[in-house]
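Everything numeric here is computed off the predicted structure, so don't read it as measured data.
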Amino acid sequence: MDQSTAPIVPYVYIKHTGIVRDANPVRVVSSCYLEIYTFPFDVQNCTFTFRSYIHHVSDIRIILGKTVEDILKRSISVLSTEGEWELMDIKSSKIKLSTFNQGESNPYDELCFYIVLRRRATLYVVNLLIPSCFLITVDLFSFLLPPQNVDRSSFKMTLILGYSVFLLIVNDLLPVTGSTIPLINVFFAICLALMVASLLETILITNLLVAPCNFCPVPGWVRVLVLRFMGTLVWLPQKSREDKIILNPVARGEVQTGEPGKMWAEAGDPALAELRNLGNELQSIRLHVAQHVDGNQISQDWMQVGYIIDRLLFGVYCIFITFSFIVILSIWSNSYNQ
């Protein structure tokens, strides 16, 4: 508390009843401990105590000259807080403090004022919370971009850089006093952590979708856990595999004719040898085609795993965002409505 800087008035008022009134104004600059955990929806309760440290009740009695309601109305009319604070209520209580030596016979008078102030949060909601919600919403909808055709990672990296610059700019609007970390800082940290987690998820999915041909076949436990169970959970069931390779009947030694054996009798031995060579070549071609189809099938399996994991993490991302925002908003709402 600083020393009074009000001008000295060398006059007193004397009434006919014998009451002497000293109208000397007192200007006092004091400080109040702020609870900034729920910033910018915080409500502050400041206490001002008036008492004499020398004179007892027998010498000085401290009483209210006006009612608390009148004091509240007068304070609201003259309050100057540059639009940031709103005066909600003023309460008072009178306490008699007994001395250690004289007991209850000659106590001290003490008058306490409890001033309730609420911060106007419109400026901080517009400048801090709404831009953060917009950026996290854009990051959420970026999951709808096709990861195989669009460079989703560059888009998410741009969002992270933009959000980092935003936090540096708005750092001056955040409070720096108090013993606790404001909840809005936790909100910003959650938003940034979600963006980073989204980028890491995109890197994983891109690796599964772009380079699946370098992977080994999908293990059995992955096929059961991801392709069947998780695929059904996220409405991406595994497609049935159909073997579309037409087997060559010559390679199996089977020739379909109207009259069995008549064709080989008319063709002779050279024709039969030529047909057998042709059957071997067709068998070789079939093996190459089968290897190519198996490789494509492995790639398709890993791509299906990537799509399933991408949709599953998108659902987890939505659930975590919704839960976190509901918890933070409920804390702010309870604090602001007190």
Side-chain angles (χ1 to χ4, degrees), residues 36-42 121-176 178 180-212 225-226 230-231 233-236 302-336:
I36 60 173
Y37 177 71
T38 56
F39 174 89
F41 303 98
D42 50 335
T122 305
L123 174 66
Y124 302 98
V125 170
V126 173
N127 292 335
L128 299 180
L129 298 181
I130 291 181
S132 297
C133 293
F134 282 161
L135 291 176
I136 200 67
T137 303
V138 172
D139 183 68
L140 177 64
F141 279 96
S142 65
F143 279 92
L144 301 179
L145 295 174
Q148 196 172 10
N149 301 326
V150 180
D151 190 3
R152 191 195 289 178
S153 59
S154 299
F155 180 77
K156 291 182 179 292
M157 181 60 71
T158 304
L159 283 178
I160 293 176
L161 292 177
Y163 194 70
S164 300
V165 174
F166 166 76
L167 293 180
L168 292 176
I169 293 175
V170 303
N171 189 39
D172 295 335
L173 296 177
L174 299 177
V176 294
T180 59
I181 299 177
L183 191 60
I184 193 171
N185 289 3
V186 179
F187 176 80
F188 291 151
I190 290 176
C191 292
L192 185 60
L194 287 174
M195 291 183 180
V196 174
S198 175
L199 177 61
L200 296 177
E201 184 270 344
T202 300
I203 294 174
L204 174 63
I205 299 304
T206 303
N207 188 30
L208 289 177
L209 297 181
V210 174
L225 179 62
V226 178
M230 292 185 181
L233 185 64
V234 299
W235 297 291
L236 281 177
W302 280 113
M303 291 176 64
Q304 184 72 8
V305 170
Y307 287 129
I308 292 174
I309 294 177
D310 182 60
R311 182 171 293 188
L312 180 65
L313 293 180
F314 172 67
V316 174
Y317 192 82
C318 294
I319 294 173
F320 187 79
I321 285 180
T322 305
F323 178 77
S324 301
F325 282 19
I326 289 176
V327 172
I328 293 176
L329 291 178
S330 63
I331 296 175
W332 275 335
S333 178
N334 293 334
S335 174
Y336 197 71

> Could you tell me which non-hydrogen atom of Ala121 sits nearest to which non-hydrogen atom of Pro40, and how far apart they are?
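Minimum heavy-atom separation between Ala121 and Pro40: CB-O, 3.3 Å.
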> Starting at CD1 of Ile328, measure out to CZ of Phe323 and round the result to the nearest 0.5 Å.
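These two atoms lie 10.0 Å from each other.
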> State which residues pass side chain to side chain donor-acceptor pair (under 3.5 Å) with Asp42; sequence neighbours excluded, sorted by chain then number.
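Result, side chain to side chain donor-acceptor pair (under 3.5 Å) vs Asp42: Gln44, Arg119.
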> Run the side-chain contact (heavy atoms from CB on, under 4.5 Å) test against Phe134 and tell me which residues pass, sequence neighbours left out.
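By the side-chain contact (heavy atoms from CB on, under 4.5 Å) rule, Phe134 matches Ile130.
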> What pairs of donor and acceptor atoms, side-chain ones from residues 185-194 against any protein atom, are under 3.5 angstrom apart with sequence neighbours left out?
none

> Going from CG on Asn334 to CG on Leu329, what distance comes out if it is rounded to the nearest 0.5 angstrom?
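Reported value, rounded in 0.5 Å steps: 11.0 Å.
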> Applying side chain to side chain donor-acceptor pair (under 3.5 Å), which residue pairs with at least one partner in residues 320-330 are found, sequence neighbours left out?
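Passing the test, one end in residues 320-330: no pairs.
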> Compare all side-chain heavy atoms of Leu174 with those of Tyr124 and state whether any distance is below 4.5 angstrom.
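The answer is no, as the side chains (C-beta and beyond) never meet within the 4.5 Å cut-off.
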> Would you mind listing every salt bridge (charged side-chain N to carboxylate O under 4.0 Å, His left out) that reaches into residues 324-336, with sequence neighbours excluded?
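Applying salt bridge (charged side-chain N to carboxylate O under 4.0 Å, His left out) to every pair that reaches into residues 324-336, excluding sequence neighbours, yields nothing.
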> Sorted by first residue and then second, give each salt bridge (charged side-chain N to carboxylate O under 4.0 Å, His left out) pair with at least one member in residues 137-151; sequence neighbours left out.
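Found Asp139-Lys156.
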> Ignoring hydrogens, what is the shortest heavy-atom contact between Ile181 and Tyr37? Give both atom names and the distance.
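The answer is O-CD1, 3.4 Å.
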> Rounded to the nearest 0.5 Å, what separation is found between the OH atom of Tyr317 and the CD1 atom of Ile136?
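Spacing of OH (Tyr317) from CD1 (Ile136) equals 3.5 Å.
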> Could you give the distance from CZ (Phe314) to CD1 (Ile319), rounded to the nearest 0.5 Å?
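So the gap between those two atoms works out to 10.5 Å.
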> Under the rule for ring pair (Phe, Tyr, Trp, His ring centres under 6.0 Å), what residues qualify as partners of Phe320, not counting sequence neighbours?
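Counting only residues at least two positions away or on another chain, Phe320 forms no ring pair (Phe, Tyr, Trp, His ring centres under 6.0 Å).
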> Please name all residues satisfying ring pair (Phe, Tyr, Trp, His ring centres under 6.0 Å) with Phe41, sequence neighbours left out, ordered by chain then number.
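In terms of ring pair (Phe, Tyr, Trp, His ring centres under 6.0 Å), with neighbours along the sequence ignored, Phe41 is linked to Trp332, Tyr336.
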> So which heavy atom on Leu173 is nearest to which on Phe39, and how close?
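Closest heavy-atom pair between Leu173 and Phe39: O-CZ, 3.6 Å.
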> Nearest 0.5 Å, what's the CD1-CZ distance between Ile321 and Phe325?
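Ile321 atom CD1 to Phe325 atom CZ measures 6.0 Å (nearest 0.5 Å).
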> The criterion is side chain to side chain donor-acceptor pair (under 3.5 Å); which residues satisfy it with Asn127, sequence neighbours excluded?
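Partners of Asn127 by the side chain to side chain donor-acceptor pair (under 3.5 Å) criterion come out as none, since no residue qualifies.
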> For a quick test of reading the model, state the closest non-hydrogen atom pair linking Thr202 to Ser153 and the distance between them.
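Of all heavy-atom pairs spanning Thr202 and Ser153, the closest is CG2-N, 3.7 Å.
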> Answer whether the closest heavy-atom distance between the side chains of Asp310 and Arg152 falls below 4.5 Å.
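They are in side-chain contact.
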> Would you compute the distance between atom CD1 of Ile309 and atom CG of Leu204 and round it to the nearest 0.5 angstrom?
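Separation between the atoms: 6.0 Å.
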